[in-house]
Amino acid sequence: MLDKTLLKFLDKDQKYIYFITLIRLITLLLSVSIYYFICINLYNIANNLSINYFCLIIILIALVFKYILYILNSKFEGIIANNVQLNIRKQFLTKIFNLNGEIKNYKTQSLMSLGIEGVEQLKMYYTSFIPQFFYSLIAPLILFIIFSFINFKVALIFLLCIPLIPMSIIIVSKYAKKIFNKYWNQYLNMGNDFLDNLKGMKDLKIFDYDKIKQLEMDDKAENFRKITMKVLVMQLYSTSIMDFIAFGGAAIGIVVALSLFLNNEITNFTNLIFIILVGAEFFLPLRSLGSSFHISMNGVSAFKKIKEILDLKEKENGQINLDNINSISFNNVNLAYEDKTVLQNLNMNFTKNNLYGISGLSGSGKSSIVKALSFANIDVLGKITINNIPLIDLNKNSYFDHVAIISFNSLLFNMSIRDNFLLINPNISDEKIFYYLKMVKLDNFNDLDFVFNDENNLSLGQKQRFIISMYLSLDKDVYILDEATSNIDHDSEQIILNLVKQLSKNKIIILISHHLFNLSICNYIYYLQDNKICEEGDFSSLTFQDGEFKKLYLKQCELLGGNYNG
C-alpha cells in the first residue's frame, strides 16, 4: 500500500510523518481520557451523585491540548505538502527541460496537466494517507491494551474484527487502480484534443469541420463523465462496505460487552459505558485510512505517469566548457527516433562569419537537425563536433551559453517589454533594450512598460522581431532560426533576413526555411530530400543546375505569380 518510490520524495521531511503520527496517537489518548472522565460523571449523574469537577477540569485541559495538537498537525501537513510538491515538480520540469520537451506519447497539454493537477493530487497521499497508515497500525493495539484492563474477551473481539477493513481495501484497490488509470488517460487525452481544436478553430471554421469536431468532443466529454461516475460509485461502494464493517464490528463488540455485563463478568457500569463510547475508535483509524486511500489513489495513478517521464533516459551531460564556438561539424551522422531513421550520412560544416541555409519539403528532417543540436530526445549515430570537440562531451549549460535557437513558435509572455527582456537577460539596461529594438526596426515602441497580450493587435512579424531582439541581447556565437520567418508579413521577413545577413559577419547563422528565396542571402545551402542531403552549394549554383532545389524554387515562384520576392 506504501509506494517506496513516492516515499523517496519525502527526503528529509520523513520526520514530519513521524511527528504527525505521534500527534494523532497522543490525540487518541486524550480522546480516550475525555471519554473516561465523561463516563465517570455519567455514572455519578445516573446514581444521583455530585459531579466530579476535577474530571471536568481534566476534560477542558485535554480539549485545549487537542486543539494545540490540531494546529501542529495542520502545520506539519502543510510543510510536507509544499516541500514534496516542490520537489516532484522540480524534478519533473527539470526532466522535461533536459529532454527539450520531446517526450513520446505526451503533448504539452498532458505535461502541463501532470505537472500541475497530477502533482496537486499527491498532496493527500503524503499528508493524509501515509501518516494515517502508521497511525492505523498502532492505534488499535493501544486500544486493545486499554480494553484488556477492562475485559480481555471484549478487547479480543474488537481486535479480531479490525482486519476485515484492510481486506476490503486491498480487494477494492485492484479494481480502483484500473479505474483511475482509465480516468487519467481520458483526462489527458481530452485536454490535448480540446487544446488542438482550439488552436485550429480558424481552419475548422473555414473548412466547415467545426461541427464534426464539436460532436467528437461531446462524445469524449460524455465518456469522461461516465468514467468519473465509475470512480465516484466505486468510492461510494467501498466507503459503504467499510462503514458496515466498522460500525458492525463496533456493534458486535458492544453486544458482547453487554452480555458480559449481564453475566457479571464486567461489574463496573462505568467500564461498560466506556466500551460503548470508545468501541468505534477501534475501527475509525482504518476507516479513515480507507477513505484517504481512495482519494490518494487518484494522485498515485497520476504519479505513475509522472514516473514514466522521470525514468526516461536523457543524454548525459559532458564536462567540457566552451569559451566560444567557431565551428560545427556533422561527420557521417544518422538521426533516428527509436528504430526509424530520419536522416542518414549527414556531412555538414558550419563556420564562423558565414550564413548557412537548410531547406527541404515538409518532413524532410530539417527540425531533426535542430533537435540534434539542442540535446533533444533523438538518436545520433556518428559524430557531431563543436570546435572539433564531440557534442556529447560538452556541458549543456556551457553550450547553450553560446547557442540560441529561435523558432516560429517561440513565445512572448504576457508581460511588459522590459520584463520579457529581463526574463532571459536579467542584467540588461533600458538603453540596451532600446538598442536591440532599433536593430529589428521596432524603435517606435518607446514605452518599455508596454504589455504584450492578445488585445494589442501586434502582427506575427512584430512579435517575431521582438523575440529575435531579445535573443540578440544575449550576444550568442550561434543563432539557429528554425522557420523563424514563417507566416509573417513581408516587411518583417525582409527586416529579419537583412539582420541575419549582417549578423553572419562575425557569427554562425543557420537559417532553416521552406521558402527557398529566403536562402538567397546564404553563403551555403543544404537541401534535404529522401532522408539525406540531396543537393548542396550556394544559391546561384543550386538554381542554375536542373535539380530538386530548382524545381521546388520554380514551383514556389509560380505559386506567387512569378514574383517570389513579393
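Residue numbers count from 1 along this sequence. The figures here come from the full heavy-atom set of this structure, side chains too, leaving out hydrogens, waters and symmetry mates.
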- Item | Non-hydrogen atoms of Ser367 and Asp482 that approach each other most closely | OG-OD2, 3.8 Å
- Shortest non-hydrogen contact between Ala372 and Val380, atoms and distance: CB-CG2, 4.3 Å
- Message: Once rounded to the nearest 0.5 Å, what's the spacing between atom NZ of Lys307 and atom NZ of Lys95?
- Response: 11.0 Å
- Message: Is it the case that the side chains of Thr385 and Asn388 hold a donor-acceptor pair, with the cut-off being a distance below 3.5 Å and no angle test?
- Response: no
- Message: Any side-chain to backbone donor/acceptor pair from Ser513 onto His515? Under 3.5 Å, distance only.
- Response: yes
- Item | Rounded distance (nearest 0.5 Å) linking atom CG of Asn331 with atom CG of Asn345 | 12.0 Å
- Roughly how far apart are Asp491 CG and Gln494 CD, rounded to 0.5 Å? 8.0 Å
- Message: Donor-acceptor pair, distance only, cut-off 3.5 Å: does the side chain of Tyr527 make one with the backbone of Gly357?
- Response: no
- Query: Any side-chain heavy atom of Ile406 within less than 4.5 Å of one from Ile480?
  - Reply: no
- Verify, without hydrogens or angle tests, whether Lys476 (side chain) and Phe400 (backbone) share a donor-acceptor contact under 3.5 angstrom. yes
- Plane angle bin for Phe445 and Phe466 - parallel if under 30°, tilted between 30 and 60°, otherwise perpendicular: perpendicular
- Item | is_close_aromatic(Tyr399, Phe375), centroid dist under 6.0 Å | yes
- Task: Sort and list the pairs that fulfil side chain to side chain donor-acceptor pair (under 3.5 Å) and have at least one residue in residues 346-360, not counting sequence neighbours.
- Result: Ser329-Asn349, Asn332-Asn347, Thr351-Asn354, Thr351-Tyr356
- Query: Would you say the side-chain atoms of Asn395 and Gln319 include a donor-acceptor pair closer than 3.5 Å?
  - Reply: no
- Item | For Asp477 against Asn324, the heavy-atom pair lying closest together | OD2-CA, 3.2 Å
- Message: Less than 4.0 angstrom from a charged side-chain N to a carboxylate O is my criterion; do Arg418 and Asp430 meet it?
- Response: yes
- Query: At their closest point, which heavy atom of Phe549 faces which heavy atom of Leu516, and how far apart are they?
  - Reply: O-CD1, 3.4 Å
- Item | Side-chain (Asn82) to main-chain (Gly78) donor-acceptor, under 3.5 angstrom | yes
- Note, Ile508 side chain near Asn326 side chain (heavy atom, < 4.5 Å): no
- Task: Determine the minimum heavy-atom distance between Ile116 and Arg89, stating which atoms define it.
- Result: O-NH2, 3.0 Å
- Can Arg225 and Glu222 be counted as an ion pair, charged N to O under 4.0 angstrom? yes
- Item | From Glu493 atom CD to Leu460 atom CG, the distance as rounded to the nearest 0.5 Å | 12.5 Å
- Task: For Ile428 and Ile433, run side-chain contact (heavy atoms from CB on, under 4.5 Å): C-alpha distance rounded to whole Å, both residues' side-chain angles, the deciding distance at 0.1 Å, then the answer.
- Result: CA-CA 7 Å; Ile428 193 169; Ile433 294 175; 3.8 Å; yes
- Residue pair Val84 / Ile80, side-chain heavy-atom distance below 4.5 Å: yes
- With side chains defined as the heavy atoms from C-beta onward, is the minimum distance between Gln85 and Glu120 less than 4.5 Å? yes
- Message: Assess the residue pair Leu6 and Phe303 against the criterion (side-chain contact (heavy atoms from CB on, under 4.5 Å)); give the C-alpha distance rounded to whole Å, side-chain angles, the decisive distance to 0.1 Å, and a yes or no.
- Response: CA-CA 8 Å; Leu6 280 165; Phe303 178 75; 3.5 Å; yes
- May I ask you to decide if Ser407's main-chain N or O and Gln464's side chain share a donor-acceptor pair within less than 3.5 Å? yes
- Step by step, work out the side-chain contact (heavy atoms from CB on, under 4.5 Å) result for Met470 and Asn425. CA-CA 8 Å; Met470 288 160 53; Asn425 191 347; over 6 Å; no
- Item | Validation row: Ile521, Leu355 side chains within 4.5 angstrom (heavy atoms) | yes
- Pair Ser416-Asp419, side-chain donor/acceptor within less than 3.5 Å: yes
- Query: Are there more than 12 heavy atoms of other residues, nucleotides or ligands under 6.0 Å from atom NZ of Lys501?
  - Reply: no
- Query: Is the backbone of Asp219 close enough, under 3.5 Å, to the side chain of Asn223 for a donor and an acceptor to pair up by distance?
  - Reply: yes
- In this structure, NZ of Lys432 is separated from OG of Ser473 (nearest 0.5 Å) by 9.5 Å
- Query: With distance as the sole test, does Asn87 use its side chain to make a donor-acceptor pair with the main-chain N or O of Phe9 at under 3.5 Å?
  - Reply: yes
- Item | Heavy-atom donor-acceptor pair, Lys366 side chain to Gly360 backbone, under 3.5 Å | yes
- Does Tyr435 have Lys438 sitting over its ring (NZ/CZ under 6.0 Å from centre, angle to axis within 45°)? no
- Task: Please indicate whether Lys550 has more than 12 foreign heavy atoms, meaning atoms of other residues, nucleotides or ligands, lying under 6.0 Å from its NZ.
- Result: yes
- Query: Does some side-chain heavy atom of Leu542 sit less than 4.5 Å from a side-chain heavy atom of Asp538?
  - Reply: no
- Message: Using 0.5 Å steps for rounding, measure from the CE atom of Met348 to the CD1 atom of Ile369.
- Response: 4.0 Å
- Task: Before accepting this row, confirm whether a basic side-chain N of the pair Glu548/Lys551 lies closer than 4.0 Å to the acidic partner's carboxylate O.
- Result: yes
- When every non-hydrogen atom of Ala302 is compared with those of Gly118, the smallest separation belongs to CB-CA, 3.8 Å
- Message: Check this for me: Leu474, atom CG, are more than 12 non-hydrogen atoms of other residues, nucleotides or ligands nearer than 6.0 Å?
- Response: yes
- Considering residues, nucleotides and ligands other than Asp447, do more than 12 of their heavy atoms fall under 6.0 Å from its CG? yes
- Is there side-chain contact between Gln502 and Ser504, with heavy atoms separated by less than 4.5 Å? no
- Message: Using only atom types and a distance under 3.5 Å, with no angle test, would you say the side chain of Arg465 pairs donor to acceptor with the backbone of Ile496?
- Response: no
- Message: Can you list everything that forms a side-chain hydrogen bond (donor to acceptor under 3.5 Å, both in side chains) with Glu483? Sequence neighbours excluded, please.
- Response: Ser486, His514
- Where the side chain of Ser541 meets the backbone of Gly537, is there a donor-acceptor pair that is under 3.5 Å apart? no
- Message: Set out, in order, the CA-CA distance, both residues' side-chain angles and the distance that settles side-chain contact (heavy atoms from CB on, under 4.5 Å) for Leu448 and Leu437, then state yes or no.
- Response: CA-CA 10 Å; Leu448 297 185; Leu437 289 176; 4.2 Å; yes
- Message: Within the 4.5 Å heavy-atom criterion, are Leu481 and Ile510 side-chain neighbours or not?
- Response: no
- For the rings on Phe350 and Tyr526, is their centre-to-centre separation under 6.0 Å? yes
